[in-house]
2 protein chains.
Amino acid sequence: MHTDVYMSELKDRGYRATGKRRDILEYLLQHNRYISARELIEAMKEKYPTMSLETVYRNLRTMRDEGIIEESRFEDNESKYRIACQTSHHHHYICIACGNTMVIDHCPMPSVGSVPKGFVVLQHRFEVLGYCETCAPKTKAEGMVDEIAKV
Amino acid sequence: MHTDVYMSELKDRGYRATGKRRDILEYLLQHNRYISARELIEAMKEKYPTMSLETVYRNLRTMRDEGIIEESRFEDNESKYRIACQTSHHHHYICIACGNTMVIDHCPMPSVGSVPKGFVVLQHRFEVLGYCETCAPKTKAEGMVDEIAKV
DNA sequence: ATTAGTGCAAAAACTTTGCACGAGC
DNA sequence: GCTCGTGCAAAGTTTTTGCACTAAT
């Protein structure tokens, strides 16, 4: 549904509408959170048993470069991706356990005051990290207090 | 000078005051920016020609876990580190070319409003990314307009 | 038919780990 | 002397790349 809009946008830019690309996109659209390449290939294997991780990476890179998805990194050494929000500009609460995101309807940029002389602003990042309602109890149950302190 | 304070703090916590650890710390203290393990080993090689990258990583991890330095990632796939600011809480303008940082004396947290139900806030990240006064002209000169757009 | 996309294998890049030796306490 | 720190070698992880084949246009 929504996926089609993105796919035709990609087609307009010279990319082809492959099933795998479409399904990666759809998976990202259906899950409102940051997702790793590893999770994606796992999900794709059901439908495409021989699909390779390289294809996932290549498609993620393409879509990131086209501004369709966003890449970020949290506690681990792996990148995670989510659909770039097309709605009005906002930021996210992010669960570092499951990648789940919730909207922060506040942007700090208007309040930062004057930019340093000569500094060219390209981008900004405002993320509030923690555990979501589902993951918070689990971490306590498993005695991950040290983990929490560390992050 | 300042380095000694950190080193004795480390000693208090059971770590040893090795020259290499001290010099990594001093390098970070002298450079007000995000620095990679690669840059650090390069810098250290002058004084310690046989020093290994593993030592750099191990010391960075130790000091990060002790809260002395902060780790972050930007455009590349490598972690960069800087001294954790001990002064009053603030955020940074960060040059994605050289890692240079400048203080943003504004924290968005008081303005975010109510946290989603059950969400446990552990940390927040507010970074304004771009090119500093020194790097901005270079990027233009080299026709890196596409790069700019991409980041 | 042309060219982008894919799987496979391999490599690259970054980071961590096991082990034995050396240095700090 | 005991233990932590270090270098070396090796391995682990994540991500990228070359190449030949397949599939979308």
Side-chain angles (χ1 to χ4, degrees), chain A residues 3-4 6-25 34-45 47-66 68-81 99 150, chain B residues 3-4 6-26 34-45 47-66 68-69 71-81 99 150:
Chain A
T3 315
D4 295 334
Y6 286 103
M7 288 307 281
S8 51
E9 201 172 303
L10 279 171
K11 271 180 91 167
D12 292 349
R13 301 188 208 171
Y15 297 98
R16 292 178 182 174
T18 68
K20 288 162 190 173
R21 179 169 290 156
R22 204 198 135 78
D23 286 4
I24 289 176
L25 195 45
Y34 279 94
I35 292 171
S36 67
R38 270 206 341 273
E39 176 177 344
L40 280 165
I41 186 66
E42 284 311 313
M44 295 300 116
K45 288 266 178 179
K47 186 167 175 186
Y48 308 103
T50 66
M51 186 168 172
S52 71
L53 191 53
E54 297 88 308
T55 296
V56 174
Y57 275 115
R58 275 189 273 235
N59 278 312
L60 288 173
R61 186 143 55 125
T62 298
M63 295 194 279
R64 183 202 55 192
D65 290 350
E66 293 300 324
I68 289 174
I69 64 177
E70 282 167 4
E71 181 181 3
S72 196
R73 290 185 112 120
F74 314 108
E75 77 288 11
D76 358 38
N77 283 334
E78 69 183 355
S79 286
K80 293 186 177 173
Y81 305 84
K150 208 174 284 181
Chain B
T3 315
D4 295 334
Y6 287 103
M7 287 307 281
S8 50
E9 202 172 301
L10 280 170
K11 272 182 89 169
D12 291 349
R13 300 188 209 171
Y15 296 99
R16 292 180 182 173
T18 69
K20 288 162 190 171
R21 179 169 289 154
R22 203 198 136 80
D23 285 4
I24 289 176
L25 194 45
E26 192 152 343
Y34 279 94
I35 293 171
S36 66
R38 271 206 340 275
E39 175 177 344
L40 279 166
I41 187 67
E42 284 311 313
M44 295 300 115
K45 288 267 178 178
K47 187 166 172 186
Y48 307 104
T50 66
M51 187 168 171
S52 73
L53 192 53
E54 297 88 308
T55 296
V56 174
Y57 276 115
R58 276 190 271 234
N59 277 311
L60 288 173
R61 186 142 56 122
T62 297
M63 294 194 278
R64 183 202 57 191
D65 290 350
E66 292 300 324
I68 289 174
I69 64 177
E71 181 180 3
S72 197
R73 290 184 112 120
F74 312 108
E75 77 287 13
D76 359 37
N77 282 333
E78 69 182 356
S79 286
K80 293 186 178 174
Y81 304 84
K150 207 174 284 178

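Order of the sequence lines sets the chain letters (A, B, ...), proteins ahead of strands, with each chain counted from 1.
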Participant: Base, sugar-phosphate alone, or nothing: which one does A/Ser52 contact when heavy atoms must sit under 4.0 Å apart?
Facilitator: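 Base, at least one base heavy atom under 4.0 Å.
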
Participant: When you measure from the side-chain N and O atoms of A/Lys20 to the phosphate of D/dA23, is any distance below 4.0 Å, counting only OP1 and OP2?
Facilitator: no

Participant: To the nearest Å, give me how far apart OH (B/Tyr48) and C1' (D/dG5) are.
Facilitator: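 Whole-Å distance recorded here is 13 Å.
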
Participant: Go nucleotide by nucleotide along DNA chain C from the 5' end; which of A/Gly19 and B/Arg61 gets its closest nucleotide reached first?
Facilitator: A/Gly19

Participant: What does B/Arg58 touch in the nucleic acid at a heavy-atom separation under 4.0 angstrom: a base, only the sugar-phosphate, or nothing?
Facilitator: base

Participant: Within this structure, what is the CD-to-P distance between A/Glu78 and D/dT13, rounded to whole angstrom?
Facilitator: 12 Å

Participant: Side-chain N or O of B/Thr18 versus OP1/OP2 of C/dA23: is the shortest distance under 4.0 Å?
Facilitator: no

Participant: Is there, by distance only and without an angle test, a donor paired with an acceptor across the side chain of B/Arg16 and the base of D/dT3 below 3.5 Å?
Facilitator: yes

Participant: What is the distance from CE of B/Met51 to C1' of C/dC21, rounded to the nearest Å?
Facilitator: 17 Å

Participant: Using a strict cut-off of less than 4.0 Å between a Lys/Arg side-chain nitrogen and an Asp/Glu carboxylate oxygen, indicate whether B/Glu26 and B/Arg22 qualify as a salt bridge.
Facilitator: yes

Participant: Which heavy atom in A/Arg16 sits nearest to a heavy atom in A/Arg21, and how many Å separate them?
Facilitator: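 It is O-NH1, 2.9 Å.
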
Participant: Between A/Met51 and A/Ile41, which heavy-atom pair has the shortest distance, and what is it?
Facilitator: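 Nearest pair, atom of A/Met51 first, then A/Ile41: O-CD1, 3.3 Å.
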
Participant: Check the distance between C/dA4's C1' and A/Asp12's CG and give it to me in whole angstrom.
Facilitator: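 Atom-to-atom, A/Asp12 to C/dA4, this comes out as 16 Å.
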
Participant: Considering just the side-chain nitrogens and oxygens of A/Ser79, establish if one lies under 4.0 Å of OP1 or OP2 belonging to D/dT14.
Facilitator: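 Indeed not, no polar side-chain atom of A/Ser79 lies that close.
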
Participant: Using whole Å, what does the distance between atom C1' of nucleotide D/dT3 and atom OH of B/Tyr15 come to?
Facilitator: 14 Å

Participant: Whole Å only: how far is the CG atom of B/Asn59 from the C1' atom of C/dA23?
Facilitator: 14 Å

Participant: Counting heavy atoms from C-beta on, name the nucleotide in C/dC14, C/dC25, D/dT6 closest to the side chain of B/Arg38.
Facilitator: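 Shortest atom-to-atom distance from the side chain points to C/dC14.
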
Participant: Which atom pair, heavy atoms only, marks the closest approach of A/Ile24 to A/Val56?
Facilitator: CD1-CA, 4.0 Å

Participant: Between B/Lys80 and A/Arg21, which has a closest nucleotide on DNA chain C that is more 5'?
Facilitator: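 First, find each residue's nearest nucleotide; the 5'-ward one identifies A/Arg21.
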
Participant: Without decimals, in angstroms, what is the distance between A/Tyr57 OH and C/dA13 C1'?
Facilitator: 12 Å

Participant: Could a donor-acceptor pair under 3.5 angstrom be found where the side chain of A/Glu54 meets the base of C/dA9?
Facilitator: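 Yes, a donor-acceptor pair under 3.5 Å.
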
Participant: If you compare every side-chain N and O of A/Thr55 against the phosphate oxygens of C/dG7 (OP1, OP2), does one of them come in below 4.0 Å?
Facilitator: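 Indeed, a polar side-chain atom of A/Thr55 lies that close.
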
Participant: So, does B/Lys11 get its side chain near the phosphate of C/dC25, meaning an N or O under 4.0 Å from OP1 or OP2?
Facilitator: yes

Participant: Looking only at side-chain atoms of B/Ala17, point me to the closest of C/dT16, D/dT16, C/dC25.
Facilitator: C/dC25

Participant: Would you say D/dA24 has OP1 or OP2 under 4.0 Å from some side-chain N or O of A/Arg22?
Facilitator: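 No, A/Arg22 has no side-chain N/O under 4.0 Å of OP1/OP2 on D/dA24.
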
Participant: Under a 4.5 Å cut-off applied to non-hydrogen side-chain atoms, are B/Ser79 and B/Arg73 in contact?
Facilitator: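 With C-beta onward as the side chain, the pair touches.
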
Participant: Whether A/Arg38 and A/Glu42 form a salt bridge (side-chain N of Lys/Arg under 4.0 Å from carboxylate O of Asp/Glu) is what I want to check.
Facilitator: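 Between A/Arg38 and A/Glu42 there is no salt bridge, as every charged N stays at least 4.0 Å from the carboxylate O atoms.
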
Participant: Between P on D/dA9 and CG on B/Leu53, what's the gap in Å once rounded to a whole number?
Facilitator: 14 Å

